[in-house]
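Below is one structure, written out as structure tokens; the observations come after it.
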Amino acid sequence: MNLVNLEAVSHAYGPKPLLHDVSLGVEEGERIGVVGRNGGGKTTLMSVIAGGVRPDSGRVTHTRGLRVGFLTQHDGLDPGSAVRELVLDGKAEHEWAGDQRIREILANLIGDLDLDAKAGDLSGGERRRTALARLLIDDHDLIMLDEPTNHLDIEAIAWLAGHLAVRRSALLVVTHDRWFLDAVSTRTWEVVDGRVERYEGGYAAYVLAKAERARIAQAAEERRQNLMRKEIAWLRRGPPARTSKPKFRIEAAQALIADEPPARENVELMRFAAARLGRTVYDLEGVTLHAGGPDSGPLVLDRMTWQFGPGDRIGLIGVNGSGKSTVLRLLSGTVKPDSGRLVTGKTVRLAHLSQELAELEPTRRVLETVEEIRKYIKVGKREWTASQLLERLGFKGDAQWKMVGDLSGGERRRLQLLRLLMDDPNVLLLDEPTNDLDIETLNELEDLLDGWPGTLVLVSHDRYFLERVTDRCVALLGDGRLSLLPGGVDEYLERRAAGTAVTARIASTPEKEIPAEAEQSGMSAKEERELRKELNRLERQLDKLSGQESKLHAAMAEAADDYNKLGTLDTQLRDVLAQKDAIEAEWLEVADRLGD
């Protein structure tokens with residue numbers, strides 16, 4: 001049964017038609033992801049379905065008694081109301097505290113908030129999470145979410161996906177988070193040119209199906225053009241030419257990507273990066289760092305030694321407040337370590353995209369603000385003009401002549417990113433670059449970064465983007481270390497769920513404290529000594545492999561012009577990293593036993 005029906009619905013803002021003659025329905029239990037360009041009509045479609053906007057023409061009908069929960073991009077919370085009132089709606093404490101579902105929602109979305117705090121005193125992200133918690137606690141037949149993952153970290157996004165997967169409500173969600181789309185949706189709607197194109201499956205299935213549609217359309221167009229050429233030839237020469245008809249294979253959508261090359265040529269990019277950067281990019285030597293300055297605020301790094309090498313593409317992961325942005329500011333030189341030393345390579349040419357948007361001259365044109373940095377740039381093997389790159393990142397045609405002061409927040413962020421790239425950096429520090437970018441623009445940005453040679457350190461809650469543009473992930477788990485994650489985001493979530501951050505803190509406590517802990521756990525002093533000896537042995541092996549890794553990086557920098565030797569060194573480096581991963585896994589197992 002359909003919960004909502006749209007019949008021949010059209011709606012426009014000014015001269016621009018956002019929806020034109022749209023007919024569709026939302027069935028019970030259906031889970032739909034809505035995608036499309038920014039400003040293309042996604043939010044308008046959601047508002048029309050929810051009944052908040054009356055269409056210019058057509059009809060919208062709801063089934064009798066339909067309960068709709070709609071999370072809009074503006075929370076609408078009463079600033080004078082407490083979080084407790086807004087979220088729990090007068091429920092007695094024994095009533096909600098005894099409900100496991102409510103406790104889980106509160107713990108995962110607003111567990112860090114004071115329930116008696118006023119909404120007016122909360123940050124934008126805290127207000128957003130409060131509004132989402134309020135919606136999820138209530139029962140609905142249809143849940144509609146407009147950008148629900150904004151202000152959520154990777155862990156909270158994973159929890160939300162799991163929570164929505166077990167609810168019986170129908171779901172309609174607008175998001176640019178492609179991992180989240182795949183996790184929660186079984187159908188995809190694309191809002192494009194006033195139409196709503198419908199696809200079965202989540203984001204991955206949508207991409208394949210769209211590619212197959214494009215292939216079929218291209219084949220049809222080529223067939224039509226071929227027939228036209230033959231008709232013209234007949235008119236000119238008489239008998240039609242004896243040309244064979246083109247043959248087009250119709251295969252499963254998966255075949256479209258079966259023979260595709262890898263997204264990035266890593267060895268070639270490493271060669272370019274080494275040539276541009278030399279041996280040293282960033283070396284952390286015994287660095288201790290607090291988020292609030294020397295010995296104030298949360299501890300981010302504790303006597304940490306680490307190396308960021310030429311061509312590294314690293315995703316930095318951690319919960320909100322773990323210090324990811326602080327690490328980027330350390331690398332950019334904005335903050336200084338409390339102790340220890342940061343060595344920056346002499347050839348580093350840095351571009352740092354922070355979460356704060358720098359001021360741009362509002363009376364200047366978009367194209368002018370980019371061309372004042374540089375008019376041409378070479379990315380990989382191809383040269384791009386400022387105008388071409390603007391078009392790739394969504395500034396098409398007349399949009400390049402808009403005044404900067406007329407741009408939206410998302411457009412300003414795209415412009416800032418493009419200005420950074422035009423400065424031809426060899427090191428990129430990107431802090432949440434995907435904020436306010438639609439999926440098409442994200443695809444273009446990913447493609448652009450695929451050919452960019454240099455060292456990249458990325459902080460992003462967008463799991464798809466993170467895994468797409470980086471080669472390895474490193475986590476801040478609250479123990480003052482940078483922890484390599486061979487298993488990527490999945491391993492991070494597993495470690496968080498298993499409390500590995502706490503384990504690491506126990507393992508690094510001073511030795512004099514360990515006997516008491518061992519006694520509490522029932523471990524004999526002899527067993528504890530053997531485990532401690534094993535831990536030290538593994539740490540020595542890790543130090544030795546780290547030294548080999550540094551030497552290989554240096555050798556790759558020297559062999560920047562020898563493609564064959566670079567390939568051999570790259571293979572050796574992969575072997576060393578694999579050994580490090582295996583030993584780190586052993587180290588964690590021993591640390592777990594010490595922490596039991």
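The residues of the chain are indexed from 1 along the displayed sequence.
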Original post:
What heavy-atom pair brings L299 and D302 nearest, and what distance separates the two atoms?
Top reply: CD2-CB, 3.8 Å

Original post:
Hey, are the side chains of E147 and V174 touching, using non-hydrogen atoms and a 4.5 Å cut-off?
Top reply: yes

**OP:** Could you pull out the closest heavy-atom pair between T175 and P148, with the gap in Å?
**Re:** CB-CD, 4.4 Å

Subject >> Side chain to side chain, L448 and W452, heavy atoms closer than 4.5 Å >> reply: no

Original post:
Under 4.5 Å between any side-chain heavy atoms of T441 and R37, yes or no?
Top reply: yes

Original post:
How many angstroms lie between atom CG of L160 and atom CG of L109, to the nearest 0.5 angstrom?
Top reply: 7.0 Å

**OP:** Check step by step if side-chain hydrogen bond (donor to acceptor under 3.5 Å, both in side chains) holds for T385 and S387.
**Re:** CA-CA 5 Å; T385 67; S387 180; 5.0 Å; no

Subject >> Contact check, side chains of L466 and I154, non-hydrogen atoms, under 4.5 Å >> reply: yes

Subject >> Close side-chain approach of V474 and L485, heavy atoms under 4.5 Å >> reply: no

Subject >> Among D146, T72, N38, the one residue meeting side-chain hydrogen bond (donor to acceptor under 3.5 Å, both in side chains) with T43 >> reply: D146

Original post:
Would R392 and D447 pass as an ion pair if we require N to O under 4.0 Å?
Top reply: yes

Original post:
Can you tell me how far CG of L429 sits from CG of L353, rounded to the nearest 0.5 angstrom?
Top reply: 9.5 Å

**OP:** Please name all residues satisfying salt bridge (charged side-chain N to carboxylate O under 4.0 Å, His left out) with E371, sequence neighbours left out, ordered by chain then number.
**Re:** none

**OP:** Calculate, to the nearest 0.5 Å, the distance between atoms CZ and CG belonging to R481 and L477 respectively.
**Re:** 9.5 Å

**OP:** Start with the C-alpha gap between R414 and L390, add the side-chain angles, then the distance that decides, and say whether side chain to side chain contact (heavy atoms under 4.5 Å, CB included) holds.
**Re:** CA-CA 9 Å; R414 275 186 275 149; L390 277 168; over 6 Å; no

Original post:
What about Y464 and Y203, are their ring centers closer than 6.0 Å?
Top reply: yes

Subject >> Ionic contact status for R463 with D490, cut-off 4.0 Å >> reply: yes

Original post:
Do you know which two heavy atoms are closest between G33 and S185, and how far apart they sit?
Top reply: N-CB, 3.6 Å

Subject >> Residues L449, L428; criterion side chain to side chain contact (heavy atoms under 4.5 Å, CB included); working and verdict >> reply: CA-CA 10 Å; L449 291 176; L428 274 178; 3.9 Å; yes

Subject >> Side chain to side chain, F465 and T470, heavy atoms closer than 4.5 Å >> reply: no

Subject >> Residues in side chain to side chain contact (heavy atoms under 4.5 Å, CB included) contact with D121, at least two apart in sequence or another chain >> reply: K118

**OP:** Dump the intermediate steps for side chain to side chain contact (heavy atoms under 4.5 Å, CB included) on V191 and V35, then the final yes or no.
**Re:** CA-CA 6 Å; V191 184; V35 301; over 6 Å; no

Original post:
Hey, are D462 and R468 close enough for a salt bridge, meaning a charged N less than 4.0 Å from a carboxylate O?
Top reply: no

Original post:
Given side chains that start at C-beta, do those of D423 and R349 come closer than 4.5 Å, heavy atoms only?
Top reply: yes

**OP:** Any chance you could measure L437, atom CG, to E411, atom CD, to the nearest 0.5 Å?
**Re:** 11.0 Å

Original post:
Which heavy-atom pair separates V404 from E361 by the least distance, and what is that distance?
Top reply: CB-O, 3.5 Å

**OP:** Flag the pair D431 and K324 as a salt bridge only when some basic side-chain nitrogen lies within less than 4.0 angstrom of an acidic carboxylate oxygen.
**Re:** no

Original post:
At their closest point, which heavy atom of M304 faces which heavy atom of L482, and how far apart are they?
Top reply: SD-N, 3.5 Å

**OP:** Return the set of residues passing ring pair (Phe, Tyr, Trp, His ring centres under 6.0 Å) with Y282 (not counting sequence neighbours), or none when no residue passes.
**Re:** none

**OP:** Could you give me the CA-CA distance, side-chain angles and deciding distance for H290 and D338, then say whether side-chain hydrogen bond (donor to acceptor under 3.5 Å, both in side chains) is met?
**Re:** CA-CA 7 Å; H290 288 79; D338 302 350; 2.5 Å; yes

Subject >> Side chain proximity check, L389 to F395, heavy atoms < 4.5 angstrom >> reply: no

Subject >> Non-hydrogen atoms of T455 and P310 that approach each other most closely >> reply: OG1-CA, 3.5 Å

**OP:** Apply side chain to side chain contact (heavy atoms under 4.5 Å, CB included) to C473 and I314, showing your working.
**Re:** CA-CA 6 Å; C473 292; I314 295 173; over 6 Å; no

Subject >> Spacing of CZ belonging to R364 relative to OG1 belonging to T369, to within rounding of 0.5 Å >> reply: 7.0 Å

**OP:** Under the salt bridge (charged side-chain N to carboxylate O under 4.0 Å, His left out) rule, collect the residues that match up with D182, sequence neighbours excluded.
**Re:** none

Original post:
Hey, is K42 close enough to E190 for a salt bridge, meaning N to O under 4.0 Å?
Top reply: no

Original post:
Can you name the residues that form a salt bridge (charged side-chain N to carboxylate O under 4.0 Å, His left out) with D575, not counting sequence neighbours?
Top reply: none

Original post:
Charged N to carboxylate O under 4.0 angstrom, D406 versus R365?
Top reply: no

**OP:** Applying salt bridge (charged side-chain N to carboxylate O under 4.0 Å, His left out), name anything that partners E432, two or more places apart in sequence or on another chain.
**Re:** none

